[in-house]
There are 2 protein chains.
Amino acid sequence: MVRGGKRSGAGRPRGTGKFGESTVRIRVPEGKLSVVQALLESGDQYALPLFDGRISAGFPSPTDDYSEGKLDLNHHLIHRPATTFFVRVSGDSMIGAGIHQDDLLVVDRSLSPKHQDVVIAVVDSELTVKRLSRKSGSVALMPENPVYAPLEITADMAFEIWGVVTSVIHQFR
Amino acid sequence: MVRGGKRSGAGRPRGTGKFGESTVRIRVPEGKLSVVQALLESGDQYALPLFDGRISAGFPSPTDDYSEGKLDLNHHLIHRPATTFFVRVSGDSMIGAGIHQDDLLVVDRSLSPKHQDVVIAVVDSELTVKRLSRKSGSVALMPENPVYAPLEITADMAFEIWGVVTSVIHQFR
DNA sequence: ACTTTTGATTTCTGTCCCGATAATCTAACT
DNA sequence: AGTTAGATTATCGGGACAGAAATCAAAAGT
């Protein structure tokens with residue numbers, strides 16, 4: 001007479017809802033509701049497809065499957081958000097390293113500056129970006145532009161390294 | 001005898017809770033609970049301070065107030081997420097434009113390619129990044145490296161522009 | 001008269017409950 | 001064997017509730 005009956009495995013399976021997973025109820029301020037819902041419904045809006053320029057056979061299309069995977073700029077370029085900041089470049093003393101006027105630098109304060117690192121330094125109250133040289137016990141800031149001269153750091157200078165430049169971003173449009 | 005009494009204005013004011021705003025209840029999948037809570041409690045984790053290299057007086061410190069404001073790379077570099085993708089650079093034909101081997105390009109398909117734009121193009125099944133020239137009715141792809149020659153586009157070529165390069169990102173570390 | 005205490009009131013937050021809906025299983029039926 | 005219908009269990013969103021928090025106003029204290 002009875003259909004079914006109490007048994008394991010019966011009923012709606014878990015994780016068959018909208019999110020494919022069990023859910024928790026939380027309170028969200030009204031102002032941030034839209035961004036949270038966007039995060040939930042469409043995943044990370046800024047995880048965008050990455051193409052490898054080396055693979056160019058077969059006339060691929062941007063609408064194809066993205067076998068190279070997806071990339072989020074923030075995650076890719078910023079490893080420690082708490083110790084990272086940006087600097088807008090002034091001057092052309094590092095043009096040989098691909099750092100141009102008005103470029104944006106990503107700087108991490110938590111990295112220990114090593115020989116040949118590009119660093120943000122303050123020398124006598126002046127903010128500069130240079131390549132750090134630690135050769136033979138002396139410290140020097142090396143520009144990458146023949147117009148400028150290397151700057152040897154001496155004990156009487158107010159010298160501080162703010163951080164190590166991890167990336168440079170140049171905008172065309 | 002009665003203290004207080006029914007009246008308007010009494011009671012806890014609205015918006016005095018944890019979020020300073022009225023809240024709504026939503027369901028969040030367990031797996032995304034931590035990221036949603038991080039978004040709510042600490043704001044945008046990737047909105048980082050921006051310094052202007054031109055302002056260098058007074059020996060500022062990264063721990064000072066950030067009068068230049070905060071910047072989010074995704075918002076700053078990606079205006080239309082739906083039509084934007086990344087390309088990893090292969091080759092050195094655009095080194096004069098600051099585009100090096102293994103750099104990351106941000107490409108927007110929704111921008112109409114104009115004269116002198118840096119574009120991602122497919123010519124005869126080959127993916128290239130070049131500066132677009134539309135002078136005098138003809139179309140050409142101009143490298144920025146004297147080792148390479150300009151490529152004039154003729155009618156018999158399979159030619160397609162994938163998008164306009166809006167930024168180039170070079171990583172040091 | 002001024003300050004402090006105390007109860008009343010109202011809102012916030014997290015949790016529980018519940019009905020409607022949805023998805024699956026098993027028995028009954030064709 | 002294939003279909004149908006009841007049983008079972010999970011999801012989803014709304015209502016409700018207890019405890020905490022914040023404010024008001026009267027009462028009590030100085």
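Here is the naming used below: chain letters follow the sequence lines, and residue numbers restart at 1 for every chain. Only a predicted model underlies this, so the values are computations on that prediction, with no experimental measurement involved. Hydrogens, waters and symmetry mates play no part in the numbers below; they use all other heavy atoms, side chains included.
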Let me check something: any side-chain donor-acceptor pairs from residues 141-156 of chain B under 3.5 Å, sequence neighbours excluded? List them with distances.
{"unit_1": "Glu144(B)", "atom_1": "OE1", "unit_2": "Ala97(B)", "atom_2": "N", "d": "3.4"}
{"unit_1": "Glu144(B)", "atom_1": "OE2", "unit_2": "Arg131(B)", "atom_2": "NE", "d": "2.3"}
{"unit_1": "Glu144(B)", "atom_1": "OE2", "unit_2": "Arg131(B)", "atom_2": "NH2", "d": "3.2"}
{"unit_1": "Asn145(B)", "atom_1": "OD1", "unit_2": "Val147(B)", "atom_2": "N", "d": "3.1"}
{"unit_1": "Asn145(B)", "atom_1": "ND2", "unit_2": "Asp92(B)", "atom_2": "O", "d": "2.9"}
{"unit_1": "Tyr148(B)", "atom_1": "OH", "unit_2": "Asp92(B)", "atom_2": "OD1", "d": "2.7"}
{"unit_1": "Glu152(B)", "atom_1": "OE2", "unit_2": "Ser138(B)", "atom_2": "OG", "d": "3.2"}
{"unit_1": "Thr154(B)", "atom_1": "OG1", "unit_2": "Asp156(B)", "atom_2": "OD1", "d": "2.4"}

Most 5' of Glu21(B) and Ser8(B) on DNA chain C, judged by nearest nucleotide: Ser8(B)
Within residues 32-41 of chain B: residues closer than 4.0 Å to DNA chain C (heavy atoms): none
Any residue meeting ring pair (Phe, Tyr, Trp, His ring centres under 6.0 Å) with His79(B), in chain and number order, not counting sequence neighbours: none
With His100(A) via ring pair (Phe, Tyr, Trp, His ring centres under 6.0 Å) - residues at least two apart: His170(A)
ring-ring contact (aromatic ring centres under 6.0 Å, His included) pairs, two or more places apart, involving residues 105-144 of chain B: none
Pairs meeting criterion ring-ring contact (aromatic ring centres under 6.0 Å, His included) with involvement of residues 20-49 of chain A, two or more places apart: Tyr46(A)-His75(B)
Spacing between Ile26(A) atom CD1 and dC12(D) atom P, to the nearest angstrom: 14 Å
Glu30(A) CD to dC12(C) C1', straight-line distance once rounded to whole Å: 13 Å
Gap between atom CG of Asp102(B) and atom CZ of Arg88(B) - 0.5 Å precision: 6.5 Å
More than 12 heavy atoms of other groups within 6.0 Å of Arg173(A) CZ: yes
Greater than 12 external heavy atoms within 6.0 Å of Arg134(B)'s CZ: yes
Any Ser22(A) side-chain N or O less than 4.0 Å from OP1/OP2 of dT11(D): yes
Pro81(B) to Leu48(A) - nearest heavy-atom pair and separation: O-CD2, 3.3 Å
Contacts of type salt bridge (Lys or Arg N to Asp or Glu O under 4.0 Å), residue Asp108(A), not counting sequence neighbours: none
Taking only nitrogen or oxygen atoms into account, show me every contact under 3.5 Å that the protein makes with nucleotides 21-24 of chain C, one pair per line with its distance.
{"unit_1": "dA22(C)", "atom_1": "O4'", "unit_2": "Arg12(A)", "atom_2": "NH1", "d": "3.2"}
{"unit_1": "dA23(C)", "atom_1": "N3", "unit_2": "Arg12(A)", "atom_2": "N", "d": "3.4"}

Sequence neighbours left out, cut at 3.5 Å: what donor-acceptor pairs do the side chains of residues 18-31 of chain A make with other protein atoms?
{"unit_1": "Glu21(A)", "atom_1": "OE2", "unit_2": "Gly31(B)", "atom_2": "N", "d": "2.7"}

Tabulate atom names and distances for all N/O pairs under 3.5 angstrom spanning the protein and nucleotides 13-15 of chain D.
{"unit_1": "dG13(D)", "atom_1": "OP1", "unit_2": "Lys18(A)", "atom_2": "NZ", "d": "3.3"}
{"unit_1": "dG13(D)", "atom_1": "N7", "unit_2": "Arg27(B)", "atom_2": "NE", "d": "3.1"}
{"unit_1": "dG13(D)", "atom_1": "N7", "unit_2": "Arg27(B)", "atom_2": "NH2", "d": "2.4"}
{"unit_1": "dG13(D)", "atom_1": "O6", "unit_2": "Arg27(B)", "atom_2": "NH2", "d": "2.9"}
{"unit_1": "dG14(D)", "atom_1": "N7", "unit_2": "Arg25(A)", "atom_2": "NH1", "d": "3.3"}
{"unit_1": "dG14(D)", "atom_1": "N7", "unit_2": "Arg25(A)", "atom_2": "NH2", "d": "3.0"}
{"unit_1": "dG14(D)", "atom_1": "N7", "unit_2": "Arg25(B)", "atom_2": "NH2", "d": "3.4"}
{"unit_1": "dG14(D)", "atom_1": "O6", "unit_2": "Arg25(A)", "atom_2": "NH1", "d": "2.3"}
{"unit_1": "dG15(D)", "atom_1": "N7", "unit_2": "Arg25(B)", "atom_2": "NH2", "d": "3.1"}
{"unit_1": "dG15(D)", "atom_1": "O6", "unit_2": "Arg25(B)", "atom_2": "NH1", "d": "2.5"}
{"unit_1": "dG15(D)", "atom_1": "O6", "unit_2": "Arg25(B)", "atom_2": "NH2", "d": "3.4"}

Could you tabulate the donor-acceptor pairs under 3.5 Å formed by side-chain atoms of residues 32-43 of chain A, not counting sequence neighbours?
{"unit_1": "Ser42(A)", "atom_1": "OG", "unit_2": "Ala38(A)", "atom_2": "O", "d": "2.7"}

Protein-nucleic acid N or O pairs under 3.5 Å, nucleotides 3-5 of chain C:
none

Side chain proximity check, Ile99(A) to Val118(A), heavy atoms < 4.5 angstrom: yes
